[in-house]
Amino acid sequence: MINRFFIYVNLTETNVDFHNYKYWFFLIDYFIKFADFIEFYIWNEEVEIIEELSLKTDLEKGSLHPIEMVCFQGEVNQQLMNFILNESLNELGEIKWFSIFLKKKDYTFFESSHWGSEIYIEDLNEQEITLIKSKMPENASFHHFNEKQSE
């Protein structure tokens with residue numbers, strides 16, 4: 001049975017400090033250790049972000065045509081982990097990348113999309129779910145389902 005866990009954080013609410021991405025850094029730091037492969041999706045018009053990933057990582061760049069996005073992908077290593085944990089925010093204090101996918105043996109188990117407002121994680125145990133919920137902002141909503149429930 002596969003446990004699936006979806007988290008949504010409304011970054012547009014006026015009473016939320018959406019520049020506080022402590023939850024996102026916690027999740028990335030926790031889950032990237034299990035990954036052997038990563039993908040970043042960036043919109044074509046985000047030229048500075050594309051250039052930065054080209055210069056600061058050894059990830060392979062590709063097009064996601066017909067979607068107007070660029071994909072950077074490659075193996076996870078310590079240098080890349082440090083880059084993500086230290087250089088993820090733009091000058092406005094927002095997450096730079098539209099989507100990040102963490103994989104283990106070609107299996108995507110973690111996805112951060114819409115600049116960190118949507119998180120999808122597979123194969124969590126109850127202790128991990130409890131831990132994650134304790135790190136999320138008050139306005140986060142959670143959807144937990146498993147294979148049996150989705151049949």
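These figures come from a predicted structure and were not determined experimentally.
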What's the shortest heavy-atom distance between [X] and [Y], and which atoms?
X	Y	answer
Ile50	Val70	CD1-CG2, 3.7 Å
Ser54	Lys61	OG-CD, 4.2 Å
Tyr21	Glu94	CE1-CA, 3.7 Å

**Prompt:** Is the Lys NZ or Arg CZ of Lys135 less than 6.0 Å from the centre of Phe26's six-membered ring, within 45° of the axis?
**Reply:** yes
**Message:** Evaluate Cys71 against Phe40 for side chain to side chain contact (heavy atoms under 4.5 Å, CB included), listing each step before the verdict.
**Reply:** CA-CA 6 Å; Cys71 175; Phe40 293 84; over 6 Å; no
**Prompt:** Would Lys96 and Glu48 pass as an ion pair if we require N to O under 4.0 Å?
**Reply:** no
**Complete:** Residue set satisfying side chain to side chain contact (heavy atoms under 4.5 Å, CB included) with Glu126, at least two apart, ordered chain then number -> Ile129, His144
**Request:** Check the pair Ile84 / Ile32 against side chain to side chain contact (heavy atoms under 4.5 Å, CB included), numbers first and verdict last.
**Result:** CA-CA 10 Å; Ile84 293 168; Ile32 200 166; 3.7 Å; yes
**Item:** More than 12 heavy atoms from other groups under 6.0 Å of CD on Glu68
**Value:** no
**Asked** Should the pair Phe109 and Phe31 be assigned to parallel (<30°), tilted (30 to 60°) or perpendicular (>60°) ring geometry?
**Response** tilted
**Prompt:** Can you say whether the rings of Phe98 and Trp115 are parallel (under 30°), tilted (30 to 60°) or perpendicular (over 60°)?
**Reply:** perpendicular
**Request:** Applying ring pair (Phe, Tyr, Trp, His ring centres under 6.0 Å), name anything that partners Phe83, two or more places apart in sequence or on another chain.
**Result:** Trp97
**Asked** Only one of Phe5, Tyr8, Tyr120, Phe6 clears ring pair (Phe, Tyr, Trp, His ring centres under 6.0 Å) with Phe142; which?
**Response** Phe5
**Request:** Indicate whether the side chain of Tyr30 and that of Glu128 have a donor and an acceptor atom separated by less than 3.5 Å.
**Result:** yes
**Request:** Spell out, as yes or no, whether a donor-acceptor pair under 3.5 Å connects the side chain of Asp29 to the backbone of Leu85.
**Result:** no
